[in-house]
Structure formats: structure tokens, C-alpha cells
Amino acid sequence: MTDQLIGAAPAAPPTDPEAGAKRTAKRRRLRLTGLVILGWIALYGVWEYGSWWFGSRLLPTPYEVLMSAVEIVESGNFLTDFSASVLKTFAGFAVAAAVGAPIGYLMGRYNYWRAFFHDGVTIAGTIPAIVYAVLSLIVFGLSNLGPILAVALVSAPYIALNVAEGIRGVDKSLVTMSEAFGRSPQQIRREVLIPTIVPYVFAAIRMCFAVAWKVEALTEVFGGRNGVGFQIRTEYQLYDIAAVLAWMFLFIVFMLIIERLVLAKSEARLLSWRPQERSSAL
Amino acid sequence: MAVLTVKNLAKTFNVGTAKASRVLDDISFDVRGGTFVSIVGPSGCGKSTLLNIISGVEEHTSGDISLTSDSGGPARMGYVFQDPRLLPWRSVMKNMMYVQNDRSEPTVARCRKYLDMVGLTKNADFFPGQLSGGMQQRVGIARAFAVEPDLLLMDEPFSHLDAITARGLRAQLQDIWAQSKKTVVFVTHDVVEAVELSDRIIVLQPGGRIYEDITIDLPRPRRQTDPTVATLQAEVLGRLEAMKALSRTASEVAA
């Protein structure tokens with residue numbers, strides 16, 4: 001009797017947990033995209049209103065700024081000055097990595113070196129970026145080396161501290177496992193040490209990147225002979241606010257491209273083994 | 001011919017300081033090729049230290065250890081730890097390959113064979129984070145067998161798992177061992193587990209000395225439910241209880 005009752009019970013509709021999870025993830029993604037679009041519309045509205053309130057001479061409309069940006073790109077100035085700024089930023093970054101990474105390695109690996117560097121690196125990291133910009137100009141004057149030094153000084157402490165944290169985060173049990181299976185120090189460095197510090201290095205790069213661009217442009221505003229900051233200063237002296245904002249606009253677009261398309265993508269690719277990266281890729 | 005010979009081995013931590021403590025004292029035994037030897041004893045009697053010394057991860061204070069290989073070349077060792085110790089950023093297959101000395105086709109095939117023996121062929125491209133604790137430990141066991149070791153060291157590999165998973169893995173280990181006939185030194189505090197798996201049980205007592213060397217002469221495959229296995233388990237457990245009582249009395253007399 002019981003068997004018959006069980007047999008007669010209507011079959012439960014087939015459920016696919018994976019498909020359900022994908023649907024939920026898609027809904028969440030759509031909601032988030034909607035909010036991002038709303039945020040941009042709100043920003044546009046506030047800008048238009050501000051422009052109407054202050055007058056377009058003081059705060060040009062988004063359209064005027066866009067036209068000015070198109071003009072800058074068409075004139076050819078954009079490529080020359082932008083590439084100058086980009087090169088200086090990356091050169092500063094390279095110097096920071098060359099100095100910061102070995103210091104970070106020593107700090108993470110040996111307690112003596114940690115004691116030696118810790119306070120100096122912490123202090124260097126808390127000095128305001130404007131101080132580095134002014135200092136670099138005093139040391140190098142109106143040359144390309146000023147912005148490079150400023151970027152390097154701002155970025156190096158971040159890189160050192162993050163690499164040190166990465167080295168200290170290495171799982172000792174994985175090192176013991178590798179030794180028990182007779183792996184060489186070189187293999188342990190490549191397969192255990194480097195993959196451990198990669199997330200920390202990415203965090204350092206993203207953090208530095210946001211600050212480094214600003215410092216580079218600021219140093220050019222004060223004493224550059226080319227670059228985005230130099231152009232912003234020139235336009236300011238001509239009181240062409242639309243052009244100042246256009247340079248800023250182009251600058252932001254470029255930064256977003258680097259941040260979203262290069263850094264975020266390569267981070268997701270390199271760290272695809274982490275559960276949070278996999279779930280965000282759903 | 002003995003694969004592993006341990007002679008008068010001793011280990012003292014913090015030698016020459018006020019905190020010096022001897023964890024292993026005058027340990028001598030040998031392990032013949034193709035046998036499964038368990039080392040049991042209460043917590044802190046030096047079981048894991050002994051295994052770490054045999055593997056070369058830790059130095060010993062005095063005594064000798066010699067290890068011979070079947071091929072005549074340098075002896076190879078495999079190690080299964082209490083926790084799986086897999087590289088989280090490498091897939092299961094890449095974890096297997098990490099401990100191999102070459103990337104040749106036979107090596108890849110051997111890794112696949114052992115992965116198949118632990119039932120994880122379909123999970124070869126998974127990251128460890130996508131597997132359960134029991135599955136990760138199975139990868140750890142397959143990894144150790146796949147290096148074709150002259151000596152396989154296992155340090156309480158089932159102690160972090162729930163009872164049902166542990167029982168399944170013990171049965172799987174017996175099957176793999178029956179096929180590969182590797183020389184195994186297995187550390188555990190679980191006498192029941194030791195009797196089920198071993199040809200021989202070396203009992204360590206507190207203070208790091210060998211208390212007893214017991215031969216387990218039972219047919220395989222063994223299951224816990226088998227009455228002869230259960231009887232022997234009770235007997236060995238009784239001997240261990242007697243040793244504990246003796247150690248307690250000795251320490252009370254010394255006090």
C-alpha cells in the first residue's frame with residue numbers, strides 16, 4: 001500500500017542547480033549593469049545642471065568638453081603628450097619595482113631586514129604625494145626625470161610592503177612538501193613562492209596605478225615641458241576650461257581602459273584558481 | 001633485502017640549551033622491501049619526528065639511517081601528509097606532475113593511472129579548491145604513489161577526515177598497495193587502523209623508545225568487520241594500554 005502511494009506521487013519537476021545558479025548570477029549582473037548606467041546618467045544630469053547654473057564659460061557642458069576632446073585628438077597633440085605621460089609613468093613604475101620588490105623580499109624573508117626597513121618604508125608611504133612632486137622638481141628641475149622620480153617615490157613603498165606581505169604569507173607546509181619530494185630551491189621559488197606573492201603584487205600595482213597617474217600629471221602641471229599635466233597647465237593659462245576638462249576626460253578614459261581591460265582581466269586570468277575569481281566569472 | 005635500516009637513532013631538540021628535550025632514543029629497526037609497517041604510539045612519542053627524519057626534512061642528533069633503492073640509483077621517497085598539501089593554484093594533474101622528475105609520456109600515463117585508481121580521472125583539470133577534503137587527500141595519496149617511491153611515508157593521512165571517508169580511503173589504500181606492493185612506513189595513533197593495514201606494527205612509548213615490534217599475520221584484504229581482525233585489534237589495543245599503565249607507574253616512581 002505504502003509502495004503504491006509512493007509510486008503514485010507526482011514526480012518532482014527536474015531541477016538543475018547549476019542552471020539555477022547561472023540564472024541568479026545573470027540577474028545579479030544585469031541589476032549591477034543597470035545601476036552603473038543609472039550612476040552615469042545621474043552624473044551627466046548633475047554636470048548639465050551645474051553648467052546651466054554656473055554658465056558654460058565657467059563650467060562647459062559635457063557636449064562642449066566632448067567636442068574639445070575630439071579636437072585635441074584630431075590635432076595630434078593627444079598622441080605626443082599622452083605617450084610622453086605614459087612613458088614617464090611606466091618608467092617611474094619600473095624604478096619603483098626595481099627598488100621596492102627587492103626591499104619587500106628582504107623584509108618578508110628576514111626579520112633583521114624587516115626591522116631595518118620597516119619604519120623607513122612606512123614613513124615613505126605616508127608622505128603626501130605633493131611633497132614628492134615638489135621635491136622631484138627641486139632635484140631635477142624642468143626635465144622628464146622629475147615626474148619619473150615622483151612616481152617612483154610614491155609607488156616604491158606600496159610595492160615593498162605588499163611584496164613583503166606576500167613573502168610572509170607563503171605556506172610553509174607547501175615548502176616542506178616540496179622538500180620531502182626532493183624539489184629544488186628553484187622549483188620551490190617558481191611553483192610555491194611566486195604564485196603566493198602574485199595576488200599581493202597585483203594589489204600593489206592597482207593601488208600604485210591609481211596614485212601614480214595623479215602624481216605624474218601633478219608634477220607636469222608644476223614643471224613639465226610636455227605631457228598631459230603640461231597641457232592642462234597651458235589650457236588653464238589660456239582660460240580654456242573646456243580643454244582642461246577634455247584633457248582630464250581623455251586621461252580618465254585611458255586610465256579606465258588600463259584598469260578594467262588590462263589589469264582586471266590579467267588578474268582574473270592569473271588568479272582563476274581562487275574560489276572568489278571563479279564565482280565572479282559565473 | 002632491507003629497503004630502510006634505522007640504527008641507534010636519537011633526536012634531541014634544542015641541543016645544548018636548558019630547553020633540551022630528547023624525543024627519540026636509541027631507535028633501531030629495518031623495513032624489508034614490499035612490507036607495510038605502521039608506527040603507533042601516544043601523542044608526543046616522536047612518531048612524526050621519526051618520519052620527518054627518515055624523509056630528510058629534519059636532521060637527527062645521532063645514529064644512522066640507510067635507504068636502498070631497487071634500481072641501484074638514489075632512493076626515491078613519496079610522502080602523504082596529515083593534510084593534502086596541494087598547490088591551490090595548480091590543477092590536480094599539474095599537482096601530480098609537480099613532484100615528478102620528468103615530463104615524459106610514461107610519467108604522465110603513470111600519474112593518470114594512479115589518479116584513476118583513486119577514482120579522480122574526471123577531476124584531473126579541477127583546482128584543489130573545487131574538491132572535498134577526502135578527494136584532496138586521495139590526490140595526495142595518488143601523488144605519493146605516482147613517484148614510484150622506493151619508500152612511501154604516510155603521516156596520519158586519515159586523521160583529519162570523518163570516519164566514513166577515512167574508512168573508504170583505507171580500503172582504497174589497501175587495494176592500491178596490493179597492486180603496487182610499495183614499501184610503506186605509516187604513522188598513526190589509531191591501533192585499529194594499524195592492524196587493518198599493516199604487516200608489522202612498531203609501538204613507540206613516551207620518551208621515544210621502541211616498546212614492541214608486533215607482526216600482523218592476517219590474510220588480505222582485511223576489513224574491520226572481520227572477526228579475526230577485530231580480535232587482533234583488541235589484543236594490540238590491550239598491549240598498548242599495558243604500556244601506558246607501565247609508563248604512568250614509571251613516571252610516578254621517578255617523581
Side-chain angles (χ1 to χ4, degrees), chain A residues 16-19 21-22 25 108 162-163 165-205 264-282, chain B residues 48-49 51-59 67 69 73-92 94-103 125-131 136-137 139-140 143-155 157 160 185:
Chain A
D16 183 353
E18 203 176 319
K22 273 187 181 167
N162 274 277
V163 169
E165 275 312 303
I167 297 283
R168 289 168 74 85
V170 168
D171 185 348
K172 303 276 187 303
S173 72
L174 291 180
V175 177
T176 315
M177 177 275 290
S178 304
E179 287 168 352
F181 279 102
R183 300 303 86 191
S184 67
Q186 201 183 355
Q187 282 174 307
I188 297 173
R189 250 197 312 277
R190 200 179 57 228
E191 294 290 331
V192 180
L193 213 68
I194 291 175
T196 304
I197 65 169
V198 162
Y200 293 90
V201 169
F202 259 105
I205 289 174
K265 292 274 178 206
S266 46
E267 187 175 12
R269 195 183 151 85
L270 270 169
L271 305 179
S272 60
W273 56 272
R274 296 203 298 193
Q276 61 265 41
E277 297 293 338
R278 284 201 308 276
S279 60
S280 66
L282 259 180
Chain B
S48 294
T49 306
L51 217 60
N52 284 339
I53 291 171
I54 295 171
S55 73
V57 170
E58 220 163 283
E59 296 281 323
L67 195 59
S69 77
R76 281 219 76 184
M77 270 186 278
Y79 209 128
V80 183
F81 301 88
Q82 283 182 22
D83 44 341
R85 300 200 187 182
L86 303 174
L87 304 175
W89 40 83
R90 293 277 177 260
S91 68
V92 165
K94 283 185 178 160
N95 265 284
M96 301 277 292
M97 290 303 292
Y98 171 54
V99 298
Q100 303 296 330
N101 285 341
D102 64 83
R103 300 277 177 274
D125 296 325
F126 281 39
F127 287 112
Q130 293 172 287
L131 305 178
Q136 289 186 28
Q137 195 60 313
V139 177
R143 175 180 64 185
F145 272 99
V147 299
E148 294 279 273
D150 296 294
L151 180 66
L152 178 57
L153 305 170
M154 303 181 90
D155 186 8
H160 286 179
V185 176

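Excluded from the calculations below are hydrogen atoms, water molecules and symmetry mates; all remaining heavy atoms, backbone and side chain alike, are included.
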Sort B/L86 into side chain, backbone, both or neither according to what part of it lies under 4.5 angstrom from a heavy atom of chain A. backbone

Does a side-chain heavy-atom distance below 4.5 Å link B/R85 with A/D171? no

How far does CD of A/E191 sit from NZ of B/K94, to the nearest 0.5 angstrom? 9.0 Å

Could you pull out the closest heavy-atom pair between B/Y98 and A/S178, with the gap in Å? OH-OG, 2.8 Å

Under a 4.5 Å cut-off applied to non-hydrogen side-chain atoms, are A/T196 and B/W89 in contact? yes

A/V192 versus chain B, heavy atoms under 4.5 Å apart: side chain, backbone, both or neither? both

Nearest heavy-atom neighbours spanning B/R76 and A/R183: NH2-NH2, 3.5 Å

Less than 4.5 Å apart, side chain to side chain, heavy atoms only: is that true for A/T176 and B/Y79? no

In terms of heavy-atom proximity below 4.5 Å to chain A, should B/V99 be classed as side chain, backbone, both, or neither? both

Counting only non-hydrogen atoms closer than 4.5 Å, does B/F81 touch chain A with its backbone (N, CA, C, O), its side chain (CB onward), both, or neither? side chain

